[in-house]
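Below is one structure, written out as structure tokens, with a few remarks after it.
In this text, all values refer to a predicted model and were calculated from it rather than measured experimentally. Per chain, numbering begins at 1; letters A, B, ... match sequence-line order.
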There are 2 protein chains.
Amino acid sequence: METFKYRELQKLLKSQIIKGVYKEGDLLPSENELSFTHDMTRTTVRQALLIMEKDGYISKKKGKGSIVNPKKRRLGLLSFKGFSEVISHIDEKVNNQVLEGPVYQNWPEDFFYPLSEAESEAGCNFLHRLRFINQSPIMLEYTYIPNIDLPDFTKTKLVNDSLFLTLALNFDIEITSMDQEVRAIKADEELAVHLEVGVGEPILHVYRKYGTSRKEINIYSSLFFNTNSYAIGSYFQ
Amino acid sequence: METFKYRELQKLLKSQIIKGVYKEGDLLPSENELSFTHDMTRTTVRQALLIMEKDGYISKKKGKGSIVNPKKRRLGLLSFKGFSEVISHIDEKVNNQVLEGPVYQNWPEDFFYPLSEAESEAGCNFLHRLRFINQSPIMLEYTYIPNIDLPDFTKTKLVNDSLFLTLALNFDIEITSMDQEVRAIKADEELAVHLEVGVGEPILHVYRKYGTSRKEINIYSSLFFNTNSYAIGSYFQ
DNA sequence: GAGTGGTCTAGACCACCTG
DNA sequence: AGGTGGTCTAGACCACTCG
């Protein structure tokens, strides 16, 4: 796989923040210090820090340093990452309930995104989950992963309940991009039951397509949110 | 204001794409060529192209070049830019109807974002607009701009119906970040009338806070979308 | 094989922040 | 005054694309 110096440093810093080596509000070592300790130029260090900033882990201040960002206090679900990774930054208790799968099956007819020929022929691994925050159902998720070079995927246990973490650790697949469409819809009976709202109540619906480091594999999700208690947030710069 | 070489090149390339000097599918001049013609190093050229890529104007392909992206065929409204700028990339006809303002007034009580003291004291310029695509009302917009160092803002005519373009050209204010919350809600009577849906129908609601190049000024919007005909899209990488 | 963008080096000067 | 990140220079080697 890719083994660039800036990527290695970025992964290291990310893991150190997640492990708590650097806590929120802390300053990372300066660019000069990192370039010295990791034997690379400041340019390469800055490339790593740029990713850390883009991914929201740090903010950089001129004259000050690179500051570890506070954990998010709301759902950043319209941004890049998956549910588990984003939600783990929140104080609330999170639960998952697998309603169906992972199971190998044919693609649904009239799938919501056009598929490549390779994806169509491979069939898909399907996963149907309901996500809770503080015992309240917040998101109903239908996920489809083309079965391309994913041996025994349906037998794989999810790492930390996170699909993306599992794909990264067990299959060396990283998410590199995301495309989505958002609508407000009325809850039908199935949605109403799962998300514990009345039939006809407004629901946030998202179609999502993730690009991965394996160019032949995209991951597709259809997501339904109950936004009565938690708004869905995002930040760009 | 900021006058960096990479920023100047980036503005030039952006304007050239908008003017059609480079059309969709075209290759920009190579990094080496740009560094020669603009008398800067490739590093600086790459800094400009990085912004162009982040803003979605180009895609870069190793061994190939920087390719001008096709215009978006849908509403990228959960991403960074304003309505007019995004919508201008679409084939549909767009209209605006100003329902109220721009007018100077006090901030509403219980404003949806906490305000700084300077913002509170300055009062706000208020703008209430309804946006149409192909004669259908799509978005109802309430916008609040703190009246800090904005002489005669209420008398200023909007450039191309775009608030952001007006702020950039007349007040040298650029948008640098965006923070938003998204919910699905039920249309009340006012929403129903403006967006031409039934009372109680699902509506997409967005609270938005824009950061600007003037750190003391943030722009606030409350947006309501009818997503029956047009989904709201976004893309990240 | 020539040209492209991706990675990386080894410096420099600057504006900004803090003690 | 010393350290920080922001900008910029002048190179280098590589993997990839295309004719």
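When the side-chain nitrogen and oxygen atoms of Y6(B) are compared with OP1 and OP2 of dC8(D), none of them lie within a distance under 4.0 Å. For dG6(C), one of the phosphate oxygens OP1 or OP2 lies less than 4.0 angstrom from a side-chain nitrogen or oxygen of R46(B).
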Enumerate the protein-to-nucleotides 9-17 of chain C contacts in which both atoms are nitrogen or oxygen and the separation is below 3.5 Å.
unit_1: dT9(C); atom_1: OP1; unit_2: K5(A); atom_2: NZ; d: 2.6
unit_1: dT9(C); atom_1: OP2; unit_2: T41(A); atom_2: N; d: 2.9
unit_1: dT9(C); atom_1: OP2; unit_2: T41(A); atom_2: OG1; d: 2.9
unit_1: dT9(C); atom_1: OP2; unit_2: T44(A); atom_2: OG1; d: 2.7

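The interatomic distance linking L49(A) (CG) with dT7(C) (P) rounds to 15 Å, in whole Å. With rounding to whole Å, E33(A) atom CD is found 12 Å from dG3(D) atom P. dG6(D) atom P lies 14 Å from atom CG of L50(B), rounded to whole Å. Atoms CZ (F4(A)) and C1' (dC8(C)) sit 11 Å apart, rounded to a whole Å. Between the P atom of dT18(C) and the CD1 atom of I67(A) lies a distance of 9 Å, rounded to the nearest Å. Atom pair E8(B):CD and dC8(D):P shows a separation of 10 Å (rounding to whole Å applied). One atom, CG of L34(A), and another, P of dG3(D), lie 16 Å apart when rounded to the nearest Å.
Under the rule for a salt bridge (charged side-chain N to carboxylate O under 4.0 Å, His left out), K19(B) has no partner lying at least two apart in sequence or in another chain. The ring pair (Phe, Tyr, Trp, His ring centres under 6.0 Å) search around F126(A) returns Y144(A), not counting sequence neighbours. Residues passing the salt bridge (charged side-chain N to carboxylate O under 4.0 Å, His left out) test with E119(B), sequence neighbours excluded: none. Taking the salt bridge (charged side-chain N to carboxylate O under 4.0 Å, His left out) definition, one finds that D149(A) meets it with R214(A), sequence neighbours left out.
Here the two rings, on Y220(B) and F111(B), have centers that are under 6.0 Å apart.
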Side-chain donor-acceptor pairs under 3.5 Å in residues 29-40 of chain A, sequence neighbours left out?
unit_1: S30(A); atom_1: OG; unit_2: E33(A); atom_2: N; d: 3.1
unit_1: E31(A); atom_1: OE1; unit_2: R42(A); atom_2: NE; d: 2.9
unit_1: E31(A); atom_1: OE1; unit_2: R42(A); atom_2: NH2; d: 3.1
unit_1: E31(A); atom_1: OE1; unit_2: R46(A); atom_2: NH1; d: 3.4
unit_1: E31(A); atom_1: OE2; unit_2: R46(A); atom_2: NH1; d: 3.1
unit_1: E31(A); atom_1: OE2; unit_2: K60(A); atom_2: NZ; d: 3.0
unit_1: S35(A); atom_1: OG; unit_2: E31(A); atom_2: O; d: 3.4
unit_1: S35(A); atom_1: OG; unit_2: N32(A); atom_2: O; d: 2.7
unit_1: T37(A); atom_1: OG1; unit_2: E33(A); atom_2: O; d: 3.1
unit_1: T37(A); atom_1: OG1; unit_2: L34(A); atom_2: O; d: 3.3
unit_1: H38(A); atom_1: ND1; unit_2: L34(A); atom_2: O; d: 3.3

